[in-house]
Colleague: 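Got a structure for you, questions after.
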Amino acid sequence: MTMRPITFFRAGSIDEAVAAVSSHPDSAFLAGGTTEIDLLRLNVVQPTLLVDVNDLPLTYLEDVDDGGVRIGAMARMSDVARAPRIVERYPGMSQALLLGASEQLRNMASMGGNMCQRTRCSYFRDGQSPCNKREPGSGCSALTGINRGHAVLGTSEQCIATHPSDVAVALVALDAMIRTIGPDGTNAIPIERFFLRPADTPSIEHPLAHGELIVAIDVPALPVARTSRYVKHRDRASYEFALVSVFSAMRVDDAGNVAELRLALGGVGTVPWRAHRAEEALIGRPATPENFAAAADAEFADARTTPMNEFMVTFAKRAIVRELSEVTS
Amino acid sequence: MTITEVGSARRRKEDARLITGRTTWTENVTLPGMLHLAILRSPMAHARITSIDVSPALETKGVVAAFSGRDVADVQGALPCAWPVTADMVHPDRPPIAVDEVKFMGEAVAVVAARSRAAALDAIAAIEVDYEPLPAVLDMEAAIADGADLVHADKGTNKGYTWVFDSAEAGTGGDAAAALDGAEVVIKRRYVQQRLIPAFMEPRSVVVDPTGDAYSIWSATQIPHILRFLISVVTGTPEHKVRVIAPDVGGGFGGKLQVTPEELIAFVAAKRLGRPVKYTESRSESLVSAHHGRDVIQDLELAARRDGTVTGLRVKLLANMGAYMGLVGPGVPILGAFMYNAIYKFPAYRFECSGIFTNTTITDAYRGAGRPEATYAIERLMDELAAELGLDPMDVRRRNWIKAEEFPFTTVCGLQYDSGDYDKATDRAMELLGYDELRAEQQRRREAQDPVQLGIGISTYTEMCGLAPSRVLGSLRYGAGGWETASVRMLPTGKVEVVTGTSPHGQGHETAWSQIVADQLGVAFDDVEVLHGDTRTSYKGLDTYGSRSLAVGGIALYNACQKVLDKAKPIAAHMLECDPADLEFTGGQFRVRGNPDGGKSMADCALAVFAAHDLPDGIEPTLDADAVYDPVNFSFPHGTHLCATEVDTETGRVTIRKYVAVDDIGKVINPLIVEGQVHGGIAQGVAQALFEEAVYDADGNLMTGTLVDYTLPTAADLPSFVTDRTESPAPDHPLGTKGVGEAGTIASTPAVVNAIVDALRPMGVNDIAMPCTPERVWRAVQGGAA
């Protein structure tokens with residue numbers, strides 16, 4: 001653990017917070033602190049100014065016109081997970097929240113912060129190994145290292161770090177919108193454009209400008225989400241990140257065909273992974289295990305594996321098939 | 001004597017302060033003028049320190065001193081090893097702070113003392129170190145191949161020792177080689193005991209206060225007495241000038257059975273600076289630098305007849321010592337050597353173990369220490385033998401195990417097992433599990449090709465507890481004895497102070513010891529205070545490890561109580577105006593035999609002694625007594641653990657459906673404490689089977705350096721346990737107790753793995769490496785035979 005002097009500033013308003021961070025090159029927002037403080041201690045990030053946004057009036061949870069929900073960026077994971085409107089309208093999102101981290105962490109962690117959480121890649125977090133995400137151009141230690149838990153989808157030669165969030169998996173399936181306020185004003189970013197794949201710039205994980213603050217997450221109305229589910233497979237039952245997780249919301253019509261489907265995966269991608277190919281393969285087709293398997297195959301057609309994580313592909317496919325089979329049974 | 005306390009499920013009197021934390025942990029000790037230490041640790045597994053400059057740290061605010069290994073090379077001494085298992089064991093000096101070379105990731109390279117912990121941590125970042133990388137030795141087999149890179153170049157070898165036991169040579173049994181040559185069936189397997197991290201709850205912490213020419217040392221240790229002796233020897237400080245205090249200590253599991261670099265560093269710093277210092281490790285430091293456990297490759301050959309009778313066993317081990325020899329590390333596999341024959345009547349046995357150096361954190365005692373490895377090996381082999389012969393695995397065990405009427409039984413290792421009834425414990429366990437019903441369900445699921453298969457795992461075990469008869473330890477070249485001590489002091493108001501040489505760190509000695517004293521002396525449970533862990537009050541003792549505290553220390557306590565009774569008897573007789581020979585001690589009172597009225601209690605005697613106005617002639621006015629007990633034998637608890645697992649063949653996920661533990665640990669003082677030990681022990685053993693593994697990458701970086709990566713299970717990962725006991729009292733001492741600290745850990749690992757393999761055996765699976773993660777189980781299902 002390394003300690004270094006740091007300036008702490010408690011922002012009293014959104015404008016103040018944005019101004020403070022955007023005017024200082026080595027600054028960062030501090031929300032729940034459940035990731036940022038760890039990374040500070042591990043010497044992975046070295047901001048010299050932390051701008052605390054916990055006092056900002058962003059803990060709300062409110063309905064929006066069309067039946068959707070707007071979640072303030074500082075709403076705590078535990079509060080959102082148990083909010084009746086979330087439990088009723090998006091049960092899979094509530095489950096994803098409750099399966100993440102631990103109750104203590106969920107009480108601290110904010111929704112906006114969760115969108116910005118960093119990978120658990122050991123090489124990224126050790127503060128010293130070559131890592132293109134932490135130190136661009138230094139190389140990727142995970143490619144040839146211990147990479148059992150690393151991503152098989154959305155990877156590049158520069159980075160195979162897995163995105164760790166659970167709730168973000170639900171949110172990509174739900175087509176959420178990330179609302180921000182930055183030095184250049186307000187912005188709304190569709191969630192799938194918010195999470196950037198590593199490509200050649202693994203250090204850039206989202207399109208936020210320096211000083212641009214997430215203020216809310218909009219989750220649109222989606223009737224089929226009322227039966228949504230989230231299942232998480234992992235190495236231990238609590239306090240553990242996913243090996244594979246599946247968010248699903250599916251409606252099967254009277255003829256037995258898939259009428260609507262939202263499917264997203266955690267633990268396998270460099271970003272929270274919306275399974276578009278699988279969705280397209282299934283919409284309008286009979287909801288049978290054979291078709292689920294074919295859809296899962298399609299989703300992982302371009303998967304890139306290492307000897308240590310190749311199991312993940314079969315594991316994830318079977319998790320998809322089982323999950324969708326259980327939904328239909 | 002009426003028995004009221006012993007056997008009752010008293011809630012532990014120490015728990016309120018332990019649970020709330022309102023007590024003295026070492027980290028809570030804050031002394032005037034105290035400095036805080038931070039340690040810079042090696043990021044490399046093996047490297048030469050080409051230059052090191054601590055001066056930038058001295059420029060940092062609040063820093064009082066900074067030094068590297070070179071700065072203290074002449075005064076820091078070397079860490080002790082108390083168990084040189086062979087006369088020619090290679091034992092490289094281990095400096096507390098690396099001087100020229102670092103030999104494992106996390107080794108100390110420099111130390112800063114500052115006015116605050118934060119300032120000290122700031123300053124170590126300023127220290128400049130240049131390393132020249134050297135090849136990291138990680139794989140044990142590669143380490144002993146010709147031309148291997150060396151951990152200690154000056155020693156010319158990575159092999160620290162080879163220790164052999166052969167029953168033919170020892171005259172305790174036949175020739176294992178001959179048995180294997182002529183065997184009808186030979187089962188040959190390699191099992192790997194993965195490296196584990198003890199992960200005790202309270203990180204290690206040490207405070208050293210130099211006052212005058214004496215040193216007070218607070219440490220979160222299991223072994224204050226051994227630490228005092230060894231600090232004295234290693235640093236050349238007169239023993240009577242060293243006081244060690246283990247205040248409340250938050251867990252150990254063997255992980256605090258060590259003299260640590262950090263303790264010596266704190267001692268050297270305090271001596272150098274003339275001020276009290278404190279060092280408390282972070283969790284990350286703890287995981288990388290506190291000693292690890294297990295890490296053994298086992299090559300096993302079992303000879304048997306086709307009817308399932310075992311005729312011989314040959315065991316060859318490679319035991320990873322890490323970069324140096326730990327305090328008792330070399331002896332850990334040797335403790336296991338006597339347990340491979342387990343509960344069975346094997347006629348021939350050979351054991352050979354080599355301790356290997358690698359560029360990793362040292363390994364040393366971890367709950368069970370050698371015995372879990374042995375039990376795992378033999379219990380897996382017995383299942384493999386049964387499968388090979390098409391017999392029921394329980395029937396194969398029954399055919400080979402020692403029968404109740406055969407105790408005491410001298411084993412092929414020459415140990416004399418004291419008592420037991422394996423049939424009784426097993427029958428009870430099978431009844432509680434519903435063994436036959438589950439076998440029937442297993443058959444149904446196999447026929448239906450259910451994707452979720454059922455497996456039943458058996459683990460019958462014994463272990464040697466009550467470490468240890470001093471003569472035996474001497475014959476094994478251990479550097480100390482195995483006795484234990486207790487003092488009982490009657491206070492004038494009838495309250496009792498007990499001083500024990502054991503050193504509890506979560507076990508509940510204060511409660512159990514109070515129960516013993518309450519019954520023996522006829523005093524109230526709450527009127528007993530148990531003092532421990534401070535060498536000023538408890539000046540003698542051999543501390544707590546190896547399920548020894550009750551089985552040895554408890555007997556010392558019992559004997560001390562008898563001495564107090566013997567001293568009180570003539571005083572009571574004097575007060576009752578009778579002959580001592582006419583007195584009996586019942587219901588907490590000395591009474592004239594046959595006369596239920598007008599007795600004298602221990603409190604009456606204590607007050608009479610305090611006043612000393614009217615004592616019989618020649619009576620020394622004291623009721624205090626000391627006793628030291630050196631056991632005549634180990635104690636041998638045993639039991640049968642059965643585990644039913646559901647194994648999802650599609651995802652590899654293992655779910656424990658039912659777990660039954662029937663343990664025979666002799667007489668029980670407090671069933672609640674026993675229950676806690678069994679639950680915790682099973683959890684730790686299941687953790688080895690399913691969850692935990694310390695992983696190094698090819699460069700020797702510890703990849704499981706946080707509790708996120710090192711998957712210590714939580715309560716949510718474990719089922720409810722069904723527990724019961726049978727009772728075969730220890731015959732060698734009056735309490736009849738045997739020890740329970742390690743039983744659950746020893747028994748549960750093979751029970752779980754046997755259950756998983758049992759579930760998958762029709763698919764051609766006969767082994768899965770631990771931990772049996774879903775991935776490994778899934779791979780085994782894909783690949784068939786491992």
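Each chain gets a letter, A, B and so on, in the order its sequence line appears, and its residues count up from 1.
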Colleague: Report the distance from atom OG of S110(A) to atom CE of M77(A), rounding to the nearest 0.5 Å.
Modeller: 9.0 Å
Colleague: Classify the angle between the aromatic ring planes of F721(B) and H679(B) as parallel (below 30°), tilted (30 to 60°) or perpendicular (above 60°).
Modeller: perpendicular
Colleague: Is R125(A) close to chain B through its backbone or its side chain, or both, or neither, when contacts mean heavy atoms under 4.5 Å?
Modeller: neither
Colleague: Under a 4.5 Å heavy-atom cut-off, does chain A meet the side chain of D717(B), its backbone, both or neither?
Modeller: both
Colleague: Just give me the residue among T706(B), L707(B), D699(B), N701(B) that pairs up with chain A most often, heavy atom to heavy atom, under 4.5 Å.
Modeller: L707(B)
Colleague: If I measure from the heavy atoms of chain B, does F311(A) come under 4.5 Å with its side chain, its backbone, both, or neither?
Modeller: both
Colleague: Within the 4.5 Å heavy-atom criterion, are I39(B) and E262(B) side-chain neighbours or not?
Modeller: yes
Colleague: Is it the backbone or the side chain of P774(B) that comes under 4.5 Å from a heavy atom of chain A, or both, or neither?
Modeller: side chain
Colleague: Tell me which of these, L718(B), T704(B), L712(B), has more heavy-atom pairs under 4.5 Å with chain A than the rest.
Modeller: L712(B)
Colleague: Can you find a heavy atom in the side chain of R322(A) that is under 4.5 Å from one in the side chain of E326(A)?
Modeller: yes
Colleague: Would you please test F315(A) and H233(A) for ring-ring contact (aromatic ring centres under 6.0 Å, His included) and show each step?
Modeller: CA-CA 9 Å; F315(A) 187 11; H233(A) 299 286; 5.5 Å; yes
Colleague: Counting heavy-atom pairs closer than 4.5 Å to chain A, which one of L690(B), V708(B), D709(B), V695(B) comes out on top?
Modeller: V708(B)
Colleague: Kindly indicate whether the side chain of N309(A), heavy atoms from C-beta on, has any atom under 4.5 Å from the side chain of R148(A).
Modeller: no
Colleague: Is it the side chain or the backbone of T651(B) that comes within 4.5 Å of chain A heavy atoms, both, or neither?
Modeller: both
